[in-house]
Protein chains: 2
Amino acid sequence: MAKIDDVARLAKVSKGTVSNVFSQKRPTSNEVRERVMSVSRQLNYVPNHTARSLVTKKTMAIGLTIPHGSFFFSAFHTQFINGVILEAAYYGYRVLLDIIPVHEVKTPFLTSYPIDGAVVMRPTANDERINLMHMGQIPFVTVGHVMNENIEHSTSVDNDNVQMMSNICEYLVGKGHKDIMFLNANEHMTVSIDRKASFIQAMKVRGLDVEEHMIHHKPPELNSSEYMDYGYEETVNIIGKMNKKVTAIIADDDRTAFSVLNAIKDLNLTVPGDVSLFVICGDNSMMVQSNPSLTSMDLQPSELGAQSVRLLMHQLGVLQGEYEENIIVEGKIIERNSVSTIDHEEDRK
Amino acid sequence: MAKIDDVARLAKVSKGTVSNVFSQKRPTSNEVRERVMSVSRQLNYVPNHTARSLVTKKTMAIGLTIPHGSFFFSAFHTQFINGVILEAAYYGYRVLLDIIPVHEVKTPFLTSYPIDGAVVMRPTANDERINLMHMGQIPFVTVGHVMNENIEHSTSVDNDNVQMMSNICEYLVGKGHKDIMFLNANEHMTVSIDRKASFIQAMKVRGLDVEEHMIHHKPPELNSSEYMDYGYEETVNIIGKMNKKVTAIIADDDRTAFSVLNAIKDLNLTVPGDVSLFVICGDNSMMVQSNPSLTSMDLQPSELGAQSVRLLMHQLGVLQGEYEENIIVEGKIIERNSVSTIDHEEDRK
DNA sequence: CTGAAAGCGCTTACAG
DNA sequence: CTGAAAGCGCTTACAG
């Protein structure tokens, strides 16, 4: 590989000038620029990224932190990541995939992280990854807010979980549902903590008590097949074995929803005839393909991804000016065919 | 951030010794090592990744090249990437996500790529990304074989597309199907080219001609909703409007399969009663959740991902010894409930 | 086993 | 607008 000295020599200029032509940080005359570029093409020269990084102290990469185990499962992640990559590329940044579990790793990474900042997905209460970034002084933004001691200020993107649960309850209760079961995400996730509290609150406001067996959490660290079982087991248990009255189920994500759907079929019940189903975080195209199509909340994951990068760019000084530290992206209810209206008049006859 | 000089000074050793303690490339005495480590902890020191990279000429990162547009859609990609990340981490490598389209990018990357090698997904005939890597002398392995002029030798992982299509045809024809429609992937992909030829060949061997309207290609660069339409449209067209006889459909991936399923329902036909459905590249857990559950080929994407990294490690000299340049991962047919047997005796009555 | 010194390939004040 | 020189924070022969 040709290096800057080779180009400088052949183009009869100094290394500094070659550097300026490529970085465009200082002006160069047309004549010189063209000579340098021509020689560079001839030599197939391109500045060495690492050498530049060493002096600029920028890697031009951001880390995307995904906890291993829950890796990549739902369409939400996929689209979120899509948003991150596109937005990062727009600002000239690359994305380094970043799983944390250091055990099982033959050669541990005992160097600094070659990233300028990070987007942290699925933060948990007192998330150690976040403590690490905080200590290492590396700028980060979380998806869902931070719940770590000693960290007061941090930037995040999120949906408004409180508002969202309130809207969902309003929607379902408005259609006559009172016995609503909530299959929530992993209990350690901050969004799950928020959603649980908001759900109970939203029901209470409407004069409804939520019994304990009506809220469940996805076990942490599931593999693919266990993942599928979660919604199934809970549904069969509560409705089948325990014979509890449930007229509507709120499922955390699309996978859970599909397994609930199967459970209901196996119980010889129908959706939405016997049980209505509402999906919080479902991929739109999958929701449409399902039979019946599933009413869901569109969390706009790719917008969340893009916003998280923009927030990071602000912290890195790439983007100038004022900015919100905690960005809320709207969740929109998209009505399809999995929620029915209960006529309580009928009950009384 | 503390640097190596700070540690050296405080531990009263040379920088070289500190370096050796961390890199473990040369032995150090216990006494010295402990003193260095203790000071390092105290100073919160960790070697600077970029500085090390500059002299070792290794970035300890591999690129994962995904063409934008078709980005991340199927579960195949997701699991493949999962395999790549885990295996890379095992060898101390990180994964840099790499989308190619440079248009739409505000700040173009005009430096070298900070990667030691790359895994290239979805190679197409005369793929320009591959020409780039080839010219830049950066080691790469492709998922599916290379079809570029001037590139004779290259490493790849793949399923045996010829054998696979032959197995699928044997399976379907064995169950009495003769009128099989194949909804193939994007026609530019090398795997799609292979599969098409193999399909025609496998049918021919069994005395069956494949008419032109029985093979279709997914249009390139689909967005999510168009993606869903592809299988639907073709199915409605061929079976509905053109009224062609089709007893079985082979769908390239899970998304296509779901849309085919919907099309068949809308035509007031059933799976597998009227039309059988076979999925080439379907996520197992999704196949199970579908109704009916879908018979599919398990391509073992995560194994493909892991193998591609191992191949790269061989090229990088991390892994020693002989190795196959083109690794074949077996595709296994997993029977579920979407393929029925046709009794041709019945036809004659 | 340890140290002194050169060097990896760039960028960046400083001077003109 | 351009050049000469120092320096980014490490690793690596070389010498002992």
Side-chain angles (χ1 to χ4, degrees), chain A residues 1-37 39-40 43-61 92 107 109-116 136-137, chain B residues 1-37 39-40 43-61 92 107 109-116 136-137:
Chain A
M1 285 281 95
K3 31 199 203 177
I4 199 169
D5 303 81
D6 303 326
V7 175
R9 201 176 318 118
L10 251 162
K12 298 193 197 312
V13 293
S14 72
K15 312 195 309 184
T17 299
V18 175
S19 175
N20 293 330
V21 168
F22 276 92
S23 71
Q24 301 180 23
K25 289 193 181 173
R26 298 195 306 187
T28 44
S29 68
N30 283 334
E31 192 206 353
V32 164
R33 187 180 335 118
E34 275 160 29
R35 207 161 69 230
V36 167
M37 289 312 287
V39 170
S40 298
L43 261 42
N44 213 349
Y45 170 77
V46 87
N48 178 296
H49 180 270
T50 305
R52 176 182 284 179
S53 282
L54 184 58
V55 18
T56 59
K57 297 188 185 315
K58 289 180 190 171
T59 64
M60 297 309 280
T107 320
F109 310 99
L110 7 79
T111 66
S112 63
Y113 255 131
I115 55 176
D116 297 336
Q137 313 234 45
Chain B
M1 287 279 93
K3 30 198 205 179
I4 200 169
D5 302 81
D6 304 326
V7 176
R9 202 177 317 119
L10 253 162
K12 298 195 197 311
V13 292
S14 72
K15 312 193 311 182
T17 299
V18 176
S19 175
N20 293 332
V21 168
F22 276 93
S23 70
Q24 301 181 22
K25 288 193 181 172
R26 297 194 307 186
T28 45
S29 69
N30 283 334
E31 192 205 351
V32 165
R33 188 181 332 119
E34 274 159 30
R35 206 163 69 230
V36 167
M37 288 313 285
V39 170
S40 298
L43 261 42
N44 212 350
Y45 170 76
V46 86
N48 179 296
H49 179 269
T50 305
R52 176 181 283 180
S53 281
L54 184 57
V55 19
T56 60
K57 296 185 187 315
K58 289 180 190 172
T59 63
M60 297 309 280
T107 320
F109 311 98
L110 6 78
T111 66
S112 63
Y113 256 130
I115 55 176
D116 297 336
Q137 313 234 48

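Values in this document were obtained by computation on a predicted structure and should not be read as measured data. Just so we're on the same page: letters track the sequence lines, and every chain starts at 1. Values below: all heavy atoms of this structure, side chains included; hydrogens, waters and symmetry mates excluded.
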Does a side-chain heavy-atom distance below 4.5 Å link A:Asn48 with A:Lys3?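 No - every pair of side-chain heavy atoms lies 4.5 Å or more apart.
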
Set of side-chain contact (heavy atoms from CB on, under 4.5 Å) partners for [X], sequence neighbours left out:
X        : result
A:Gln137 : none
A:Leu10  : A:Val39, A:Leu43
B:Thr56  : B:Lys25, B:Arg52, B:Lys58

Between [N] and [M], how far apart are the two [atom1] atoms, rounded to whole Å?
N      : M      : atom1 : answer
D:dC1  : D:dA5  : P     : 24 Å
C:dG16 : C:dT12 : C1'   : 16 Å
C:dC10 : C:dC14 : P     : 24 Å

Based on Watson-Crick and G-U pairs with both distances under 3.5 Å, what dot-bracket line describes DNA chain D 5' to 3', crossing pairs as [ ] and inter-strand pairs as |? |||.||||||||.|||

Which nucleotide of DNA chain D is the first, and which the last, in the 5' to 3' direction, to come under 4.0 Å of a heavy atom belonging to chain B?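 On DNA chain D, the outermost contacted nucleotides are D:dG9 to D:dC14.
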
In numerical order, the residues of residues 13-21 of chain A whose heavy atoms come under 4.0 Å of DNA chain D are A:Val13, A:Ser14, A:Thr17

Going from CE on A:Met60 to NE2 on A:His49, what distance comes out if it is rounded to the nearest 0.5 angstrom?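 Nearest 0.5 Å value for the CE-NE2 distance: 7.0 Å.
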
From B:Ile4 CD1 over to B:Lys15 NZ, what is the distance, rounded to the nearest 0.5 angstrom?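 Interatomic distance, B:Ile4 CD1 to B:Lys15 NZ, rounded to 0.5 Å: 6.5 Å.
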
Who pairs with A:Asp116 by side chain to side chain donor-acceptor pair (under 3.5 Å), at least two apart in sequence or on another chain?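 With neighbours one apart ignored, the set is A:Thr59.
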
List in chain and number order the residues that pass side chain to side chain donor-acceptor pair (under 3.5 Å) with B:Thr17, two or more places apart in sequence or in another chain; answer none if no residue qualifies. B:Ser14

Would you mind telling me which residue lines up with the more 5' stretch of DNA chain C, A:Thr56 or A:Thr50, judged by nearest nucleotide? A:Thr50

On DNA chain C, does the nearest nucleotide to B:Ser29 precede the nearest nucleotide to A:Val55 from the 5' side, or the other way round? Give the residue.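 Nearer the 5' end of the strand: B:Ser29.
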
Sequence neighbours excluded, the answer for salt bridge (Lys or Arg N to Asp or Glu O under 4.0 Å) partners of A:Arg33 is none

Under the salt bridge (Lys or Arg N to Asp or Glu O under 4.0 Å) rule, collect the residues that match up with B:Arg9, sequence neighbours excluded. B:Asp6

I'd like to know if the side chain of A:Thr50 reaches the main chain of B:Thr50, judged simply by a donor and an acceptor atom lying under 3.5 Å from each other, with no hydrogens or angles considered.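 Checking the backbone N and O of B:Thr50 against the side chain of A:Thr50, no donor-acceptor pair under 3.5 Å is found.
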
